[in-house]
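We're numbering straight along the sequence, starting at 1.
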Amino acid sequence: MSFHFKIRICWTILILFCIGSIWWSDIYKEFTSKFTLTTIREESKTSLRKEYSVDFTNARQLEDRIQARRKMVADYCKRHKTNDSLFGTNLRYFLVFRKRKVIYCFVPKVASTQWQKELFVLKEEDEEMSRDANFTVAKNNLNYFSEQEARQMLKSYFTFLFVRDPMERILSAYKDKLLEDNKIFRRTIGRKIIARFRPNATQHALETGSVVTFPEFTNFLLKAKEYDEHWRPFDNLCHPCAINFDFIGHYEDLAEEAPYLVKKAGIDDRVSFPPVRASNTTADLLQYYSQIPNTKILQLAKIYENDYKMFNFPFPGKLAKLFDSKES
């Protein structure tokens, strides 16, 4: 074998090696990039699922809790409120989602605005269904239906509501509607409160209804007995003794119970409740309720006695420190 022939073979082998190296390098890069991208996507999906979904390993405990609440309401109603009448009252609080066969009774100041926002997609489904049926208005609460239709829906649809500790709800209503610059409530309620419960009120306060104090507001609740929907007792809004709700949630457990509710109602394909930020309301409650005598706190609790007993809210609960300090 000649020397030149050997040189040509070596060059050929070298060229083939280089070509092969480049080819394998391209394959490796493509494989690793795809693998890395897939991994990132999967990890991202997993992360989102963890952030926005409930851990259903404790689903049994959640279900037991809901059933215990339902039984407590049924037992209380059997003992105390056997003649609760639903029809002939304002049923606008019962939002009907016909396509999904779900009814939500909203209680103002119990995350009701957020729930209605999240459930809006179901309302859109019903509006589309109404257009297809040539209806001019999508019927979205029980006031639109006959008594017979409403009774049938309440029996066959999935029904739910959320409730809240009455003292926390009262405070939330006060801060949102009267302490904040809510011009409508200041004109309609604030001016009335100041005129009746503030001696020597200024003309400006009488005209604007601004800066109603918490003691003035609680005096209004106790003496005027005008119950706006934002502080009206639950049983006057959703009539739990007339309706056997499938799901009774607590505002205090919203972060855990909202995802479970949408799953149980079969609407989790369209509805997801956003993450709930934990908050400590004890300091807020103590700050405001310390401004009124304990006797008035007890009188307020009496107004909401049915709510406390039906839904197992402890009293005085977070306000116990006020009673302890004033008794010592």
Side-chain angles (χ1 to χ4, degrees), residues 65 69 72-73 76 80 107-112 162-182 185-186 189-190 192-194 196-201 205 209-237 240 248-257 276-328:
R65 182 194 302 170
R69 288 177 188 161
M72 181 168 292
V73 170
Y76 179 85
H80 300 285
V107 177
K109 304 313 303 173
V110 188
S112 60
F162 274 79
V163 293
R164 185 179 190 177
D165 179 279
M167 294 300 166
E168 291 193 23
R169 182 168 170 248
I170 291 171
L171 179 57
S172 177
Y174 163 72
K175 293 174 69 176
D176 183 41
K177 303 304 178 184
L178 293 167
L179 193 60
E180 298 293 329
D181 188 18
N182 189 314
F185 269 82
R186 285 187 172 186
I189 304 293
K192 192 182 300 184
I193 293 174
I194 290 173
R196 182 167 177 181
F197 299 103
R198 183 180 298 178
N200 305 317
S210 59
V211 198
V212 171
T213 67
F214 190 64
E216 289 170 343
F217 176 62
T218 54
N219 278 336
F220 172 73
L221 293 183
L222 293 171
K223 296 178 181 179
K225 296 184 178 179
E226 293 185 26
Y227 299 118
D228 178 87
E229 63 180 21
H230 294 88
W231 51 82
R232 193 177 305 159
F234 305 134
D235 62 332
N236 292 340
L237 293 170
I248 299 171
H250 278 200
Y251 178 87
E252 294 76 9
D253 301 316
L254 191 61
E256 186 178 29
E257 293 177 3
V276 179
R277 287 178 293 182
S279 61
N280 184 2
T281 60
T282 302
D284 223 19
L285 286 165
L286 293 174
Q287 176 189 345
Y288 282 93
Y289 281 96
S290 65
Q291 299 172 24
I292 64 175
N294 284 355
T295 53
K296 289 190 175 181
I297 298 176
L298 293 170
Q299 289 170 358
L300 286 172
K302 187 67 178 176
I303 293 174
Y304 297 91
E305 182 178 8
N306 289 336
D307 292 349
Y308 272 107
K309 291 183 177 179
M310 265 196 285
F311 299 106
N312 196 32
F313 289 109
F315 180 83
K318 295 176 181 178
L319 298 179
K321 188 175 180 180
L322 294 179
F323 290 84
D324 294 340
S325 63
K326 291 178 183 179
E327 288 174 2
S328 60

Can you sort out the partners of Tyr304 under ring-ring contact (aromatic ring centres under 6.0 Å, His included), two or more places apart, ordered by chain and number?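 Tyr304: no ring-ring contact (aromatic ring centres under 6.0 Å, His included) contacts found.
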Plane angle bin for Phe313 and His250 - parallel if under 30°, tilted between 30 and 60°, otherwise perpendicular: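 Taking Phe313 first and then His250, their aromatic rings lie parallel (interplane angle under 30°).
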Can you tell whether the side chains of [X] and [Y] come within less than 4.0 Å, N to carboxylate O?
X      : Y      : value
Glu257 : Arg69  : yes
Glu168 : Lys109 : no
Glu256 : Arg65  : yes
Asp181 : Arg186 : yes

In the structure I gave you, are the side-chain heavy atoms of [X] and [Y] within less than 4.5 Å of one another anywhere?
X      : Y      : value
Phe220 : Val212 : no
Pro108 : Leu237 : yes
Leu254 : Val110 : no
Tyr174 : Thr218 : no
Met72  : Met310 : no
Val107 : Ser112 : no
Phe234 : Asn306 : no
Val163 : Asp307 : no

Using the salt bridge (Lys or Arg N to Asp or Glu O under 4.0 Å) rule, take Lys175 and Glu180 through it: C-alpha gap first, then chi angles, then the decisive distance, then the call. CA-CA 6 Å; Lys175 293 174 69 176; Glu180 298 293 329; over 6 Å; no
Begin from the C-alpha positions of Ile303 and Tyr227 and carry the test side-chain contact (heavy atoms from CB on, under 4.5 Å) through to its verdict. CA-CA 11 Å; Ile303 293 174; Tyr227 299 118; 3.5 Å; yes
Check against ring-ring contact (aromatic ring centres under 6.0 Å, His included), Phe162 and Tyr251: CA-CA 6 Å; Phe162 274 79; Tyr251 178 87; 8.6 Å; no
To the closest 0.5 Å, what do you measure between [atom1] ([X]) and [atom2] ([Y])?
X      : Y      : atom1 : atom2 : result
Phe197 : Glu216 : CZ    : CD    : 9.0 Å
Thr281 : Asp165 : OG1   : CG    : 8.0 Å
Lys296 : Gln291 : NZ    : CD    : 12.0 Å

Could I get the full list of side chain to side chain donor-acceptor pair (under 3.5 Å) partners for Glu305, not counting sequence neighbours?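 By the side chain to side chain donor-acceptor pair (under 3.5 Å) rule, Glu305 matches Lys302, Lys309.
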Would Tyr288 and Phe217 satisfy side-chain contact (heavy atoms from CB on, under 4.5 Å), going step by step from the backbone distance to the final call? CA-CA 11 Å; Tyr288 282 93; Phe217 176 62; over 6 Å; no
Under the side-chain hydrogen bond (donor to acceptor under 3.5 Å, both in side chains) rule, what do Tyr289 and Asn294 come out as? Steps first, then yes or no, please. CA-CA 8 Å; Tyr289 281 96; Asn294 284 355; over 6 Å; no
Decide side-chain contact (heavy atoms from CB on, under 4.5 Å) for Leu286 and Lys318; before the verdict, give the C-alpha distance in whole Å, the side-chain angles of both, and the deciding distance to 0.1 Å. CA-CA 8 Å; Leu286 293 174; Lys318 295 176 181 178; over 6 Å; no
Show your working on side-chain contact (heavy atoms from CB on, under 4.5 Å) between Phe185 and Asp228 and close with a plain yes or no. CA-CA 10 Å; Phe185 269 82; Asp228 178 87; 3.8 Å; yes
